[in-house]
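What follows is a short report on a single structure.
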Amino acid sequence: MSSDEKPSAPRSLAEALRARDDASLAALLRARPDLVTPVPTDLTQLATRAGTRASVVRALEHLDRFTLQTAEALAVAAEPAAYEELLGLMAGDARDAAVVAALPGAVAVLREQALLWGDDDRLRLVRTARELLAPSPQHPSPTGLGPSVREATAGMSPGRIQEIVTAAGLASTHDSVSAVTALASLFSDRRRMSALLSEAPAESLEVLERLVWGPPYGQVTADPAARLRWLLDRGLLLPTAPGTVVMPREVALHLRGGHAHRRPEPVPPAVEAAAARRPQVVDAAAAGQAYTALATVEELLKDWDEGGPAVLRAGGLSQRDLKRTAVALDLSEPMAAFWVELAYAAGLIASDGEADERYAATPFFDEWVERPPAEQWVLLAQAWLAGTRTPGLIGGRDAKERTLSALGPGLDRSAAPEVRRRVLTLLAGLPEGTAPTAESVLARLAWERPLRGPQRDDDLRSRLARWTLSEAELLGITGRGALSSQARALLGAAAHPHGPAADQGTGSVRDAGSPQGPGDKLPFHHHTVPAHAPGLVSPAERAAASAAAVRLLGPLLPEPLDHVLLQADLTAVAPGPLHRPLADVLGVLADVESKGGATVYRFTPGSVRRALDAGRSASDLHAFLAEHSRTPVPQPLTYLIDDVARRHGHLRVGAASAYVRCDDDAMLNEILADKRAVALRLRRLAPTVLAAQADPAALLDGLRAMGFAPAAESAEGDVLITRADAHRSPPRTAPEPVPEGPPVPDGTLLAAAIRAIRAGDLASTAPRKPAEDAIAQAPGALPRTSPADTLATMQAAVLTGEAVWIGYVNAEGSASQRVIAPVRVEGGFVTAYDHTADEVRTYPLHRITGVAELADDEA
């Protein structure tokens, strides 16, 4: 072929793929990762896989609305269709300028994703896509168009066809095929069609107007009215079944002005602003909510510190336990479920795996709680971004009508991470401090990933988007509806397949840039950010983005305080977050009465006794309060501590089953006389000792309920220090997100896959000369030659340096075709350069089924 001779048009999708360069094949495999799992053996297999129903459905579901409309128009166009015909269907007779500008990009996307092939004068939609999108009575087309004249008249009697042609003002023909062609030509001719309709009664035109945008089917009686009879006689309505008529596609297109769709949407809807605030206000509001999020998660885990709720037999949290947790956190049940699920996604809680299985904090919680607050928040935000568990579904029902419970099965939705990142990316595209309207965000998402069929406000992606907006506000990703600076930094490493710079109408994207900083490192726990989290490029970029978010958020969070304000009503006010040692001690010494911007603690006899049980003495407590109070220690609080301390340990409880001993026999008499002690079944063993038929723990609780302050003692008579033991699960990893289909292959895998596909295609398509005495074989089968001929051909190829085509069966019994260039043959092995693997390999001769020389023009 001469250099200026035009290459021949491809005759199949496989030939079209064969003409692509490596970059184009990589773009295809990146857009449709299911095609590379497993790696196809050659381009013919790749084309076959690209045309399977499951793969085509998945590809169509990932098209934006205009590109999908383009595919729908091709499904009702001629096969093959010229670009001008497609342009007419999309832009109409008026040639909408926006559609004209956007259509080349949409065609390029369809061609890149192997849903369309052929040159612009012969565009062909992949057969499976055409079957899915073409109109039929069972599956109406989204265009609202019906069958063509040729399809609608199939099976109609020749006489009836000739009657229609004559009534339409056409000359009768000698056969039905030419008659149908003439009728279709009339309906497609704008001038002649306008002349025909100018003769139609007004009532008949009203019937056409009702059907023009679909559905194109209508019902008629056995004796149609005059307005319908006029249309039926001229083929403007054609019968499809008894009592049913349809408007032919050509008629509808004429009435529509050539438009396949009522409203082509070449440009994505803009995300509208609801309010604009100063970025500093947004960042401060988001930081305040981030601090509240950290406090809520920590309070939840401390509430479960000694062992959380039991795990249901089917998995998850019971409704009663969720309600109790909501009361403890002072939240609604849906919000409590969100925080429980977030802690679970971050790897902070898990089941303990015991026989009496319960939920508990994981060892990682102890590590997380010691981190700086900004790092704690980034870990939670990353877990939320990457997680597929969807708290918004809790309380609903699954396909088997079982209630979905918090921490239970059935909550994973693989689309959740993609929707979350896309919503936040849309927010990032607005000016800083700008909050969008929820309706415009939903409209944009619906354009980018439309449903094939009627659009609904309650579809999963719309609900995920609404939940994302509310959950982002709860978590402090957004402040007053606008994306915060720290969240922008956290999203900076995203390279999402629907990035903020999506080209209008084409579905193509440009990757977002990543903030980089020298030495930006953040030692995140390995299981909190899954390696396959969508939109994340590499661990280094994730760490850089996370470190940037930490730097921005840290100064906005309140500094921990080392003091409280003691008040005379036995309360202490913490005007802000407390340093952890102070908070831990105060949490034992007092009970939290109220939370908010300031936390109020109340001192009670029970809380003071709890501190004494933990090994603190009265003097320790006095010194602690004096050191950490900005106000003088009130006298009532001093008296309370001294009074409880004076009585603490006056009674001693040990194990007999259990006993009580006290140097004050009058106090023992008081206990025996108390009716509340009947359940303990006490009896006096000595003037200072009572024995009980209850275990020590029950005896302690009983005496404390009676108002005494007993202390437990050891077998040696020493007072036992009782601290609440933190119950932890064994080391656990966070739940792995459920991916939405195969992961997008990285550059290394793509390069290896393309090399293998190219080499396999070379082996399967290279012209070859049959051996003179080759064993008879079916076309496409492995070459078969005798061992002697195989050895002789290999030795000859070593001398000439030519490549040969071989069949090879490996040790696992898998057969393949290869093109190799033999270098050496000795000891029953052939060493050769394998074009399939792009490397030098050694093959045992006994595993080679046969060999054939390549044709001279390909040698």
Among pairs that include at least one residue of residues 323-343, which meet salt bridge (charged side-chain N to carboxylate O under 4.0 Å, His left out), considering only residues two or more places apart or in two chains?
->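 As it turns out, the salt bridge (charged side-chain N to carboxylate O under 4.0 Å, His left out) pairs with a partner in residues 323-343, which skip direct neighbours, are D303-R324, E341-R389.
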Would you say [X]'s side chain and [Y]'s backbone share a donor-acceptor pair under 3.5 angstrom?
{"X": "Q486", "Y": "I477", "answer": "no"}
{"X": "R684", "Y": "L668", "answer": "no"}
{"X": "R488", "Y": "A428", "answer": "yes"}
{"X": "W377", "Y": "L475", "answer": "yes"}
{"X": "Y359", "Y": "G316", "answer": "yes"}
{"X": "T390", "Y": "T388", "answer": "yes"}

Below 3.5 Å, can you tabulate the donor-acceptor pairs from side chains in residues 560-567 to any protein atom, sequence neighbours excluded?
residue	atom	partner	partner atom	Å
H563	ND1	R630	NH2	3.4
Q567	NE2	T571	OG1	3.0

Listed partners of [X] passing salt bridge (charged side-chain N to carboxylate O under 4.0 Å, His left out), at least two apart:
{"X": "D398", "answer": "R402"}
{"X": "E471", "answer": "none"}
{"X": "R676", "answer": "D674"}
{"X": "R413", "answer": "none"}

Per the side chain to side chain contact (heavy atoms under 4.5 Å, CB included) rule, which among L301, L300, L294 passes with V297?
->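 Result for side chain to side chain contact (heavy atoms under 4.5 Å, CB included) with V297: L301.
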Step through the shown structure and confirm whether more than 12 heavy atoms of other residues, nucleotides or ligands are within 6.0 Å of CZ on R602.
->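 Correct, the count exceeds 12.
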Please list all pairs passing the side-chain hydrogen bond (donor to acceptor under 3.5 Å, both in side chains) test where one or both residues lie in residues 342-355, with sequence neighbours left out.
->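 Non-adjacent pairs meeting side-chain hydrogen bond (donor to acceptor under 3.5 Å, both in side chains): S351-E357, D352-H727.
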All side chain to side chain donor-acceptor pair (under 3.5 Å) counterparts of [X], not counting sequence neighbours:
{"X": "S318", "result": "D321"}
{"X": "S629", "result": "T631"}
{"X": "H622", "result": "D642"}
{"X": "E432", "result": "none"}

Side-chain contact test, heavy atoms from C-beta onward, threshold under 4.5 Å: evaluate it for [X] versus [Y] and give yes or no.
{"X": "Y291", "Y": "L556", "result": "no"}
{"X": "T296", "Y": "M335", "result": "no"}
{"X": "L424", "Y": "L490", "result": "no"}

Scan side-chain atoms only and decide if D283 and S485 contain a donor-acceptor pair under the 3.5 Å cut-off.
->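 Note: D283 and S485 side chains meet the donor-acceptor criterion.
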Report the C-alpha separation of T325 and W304 in whole Å, then their side-chain angles, then the decisive distance to 0.1 Å, and conclude whether the side-chain contact (heavy atoms from CB on, under 4.5 Å) test is met.
-> CA-CA 9 Å; T325 301; W304 292 8; 3.6 Å; yes
I would like to know whether V369 and F365 meet side-chain contact (heavy atoms from CB on, under 4.5 Å); could you show each step before the answer?
-> CA-CA 6 Å; V369 82; F365 169 69; 4.2 Å; yes
Closest non-hydrogen atom pair between L404 and P409, with its separation =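 That closest heavy-atom pairing would be CD2-O, 3.8 Å.
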Any residue meeting ring-ring contact (aromatic ring centres under 6.0 Å, His included) with Y601, in chain and number order, not counting sequence neighbours =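 Testing Y601 for ring-ring contact (aromatic ring centres under 6.0 Å, His included), a comparison that skips the adjacent residues, returns none.
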Output the distance between atom CD1 (I349) and atom OG1 (T362), rounded to the nearest 0.5 Å.
->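 Going from the CD1 atom of I349 to the OG1 atom of T362 covers 8.5 Å.
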Point-to-point distance, once rounded to the nearest 0.5 Å, from NE2 of H628 to NE2 of H579 |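 If we round to the nearest 0.5 Å, H628:NE2 and H579:NE2 are 9.0 Å apart.
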Salt bridge flag under 4.0 Å for residues D613 and R610 |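 No, no charged N to carboxylate O under 4.0 Å.
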